[in-house]
Amino acid sequence: MSEEESRLLARAREGDVEAFADFVRLLERRVRGLLARLLDDDRDVDEAAQDTFVQAWRHLDRYRGDAAPFTWIYRIAVNEALQRTRRKRLDTRSLDAVPGLELEIEPGTPAPPPADLEAESRELLAFVADRIRALPFDYRAPLVLRDVEGWTNEEVADALGVSVPAAKSRIHRARMQLRHELELWRRGGEQEDH
Amino acid sequence: VRRLLFALNGSHGETARHMSAFAEGELGGYRGWRVSRHLARCHKCQALYRSFLATLASMRELGRLDPPPDEEFVARVTERLTERREPP
């Protein structure tokens, strides 16, 4: 897949719009998926994804081939999400003042998990996605990149412009918050059963 | 005595603080040994660690889900690209 992406990018650099369209077609789902997890407003996702690819087209000469094409486009998408979030100033709450491990966000709706396993899995993932999006961006972004997208701590720190210890600290706090909320959700289900 | 017990068995707080590093295999040395020893003896922290790992697994699962393809998306992007190529 990466070779095909690289080949398409090479053609796009020569001005081949059709090749770039094929490149977009290959990666649009992953980019929209990433942005849907990074941005907390669905209305922003499509526009941000479009802007990501337009930025990539405009800066094709900056792609040096030292990273996989999807890594390059992911970085552009992360920057797009960062800029949009900063512009909107959505996350003004400071977490540092909150004692203990738990972050200061609204607790999740403790809807009980359904009995059917497949439905439970869907419900669980929907709950996880919802609670991730409820995290402040400074915590959501490193968590998504590390645990949902599978980046290394170093890649997360580099993409977000923070130190590795800071990235690790945010990831850990976000994980603990999410774990706490998931546990509450699961306990809610158990209580309903008894 | 409390210090000695902490030195040997760690604590709930220390274990929770270093759970990410422990799960990722980055917690070596004496502290890693102590967290491991605490987890082996503390049922409360074992439960916490299990739910912590389950949370990580849920997020990995989430990463395997992408939205359905949107053919019109490609058209919207290429339309913007061609618009940019036209002279002002």
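Letters go in sequence order (proteins before strands), and every chain restarts at 1.
Interface residue A:A129: backbone and side-chain heavy atoms are both found under 4.5 Å from chain B. The parts of A:A49 that come within reach of chain B are both its backbone and its side chain, each placing non-hydrogen atoms under 4.5 angstrom from that chain. Looking at A:L125, both its backbone and its side chain come within 4.5 Å of chain B, counting heavy atoms on both sides.
Ion pair A:R84/A:E80 flagged as a salt bridge, since at least one NZ, NE, NH1 or NH2 atom sits closer than 4.0 Å to an Asp/Glu carboxylate oxygen. Salt-bridge annotation for A:D41 and A:R133: absent, with no side-chain N of the basic residue lying under 4.0 Å from a carboxylate O of the acidic one. A salt bridge links A:R25 with A:D22; the closest basic N to acidic carboxylate O contact falls under 4.0 Å. Ion pairing of A:R175 with A:D147 is present here, as a side-chain N (NZ or NE/NH1/NH2) and a carboxylate O approach within less than 4.0 Å. We find that A:R29 and B:D70 are not joined by a salt bridge, their nearest charged nitrogen and carboxylate oxygen being 4.0 Å or further apart.
Scanning residues 38-53 of chain B against chain A with a 4.5 Å heavy-atom cutoff picks out B:L48, B:S51, B:F52, ordered by number. Taking non-hydrogen atoms and a 4.5 Å limit, the residue list of residues 23-30 of chain B in contact with chain A, ordered by number, reads B:E24, B:E26. Residues of residues 148-161 of chain A placed with any heavy atom under 4.5 Å of a heavy atom in chain B are listed by number as A:V148, A:N153.
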A:Y74/A:T52 under side chain to side chain contact (heavy atoms under 4.5 Å, CB included): CA gap, chis, key distance, verdict: CA-CA 9 Å; A:Y74 261 38; A:T52 296; over 6 Å; no
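Per-residue heavy-atom pair counts under 4.5 Å with chain A were compared for B:R76, B:R60, B:E71, B:H18, and the maximum is reached by B:R76.
The minimum heavy-atom distance between A:A77 and A:L34, with the atom names listed, is CB-CD2, 4.0 Å.
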With a cut-off of 3.5 Å and sequence neighbours excluded, list every side-chain donor-acceptor pair involving residues 61-68 of chain B.
residue : atom : partner : partner atom : Å
B:E61   : OE1  : B:R64   : NH2          : 2.9

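With 3.5 Å as the limit, one finds no donor-acceptor pair spanning the side chains of A:Q55 and A:D51.
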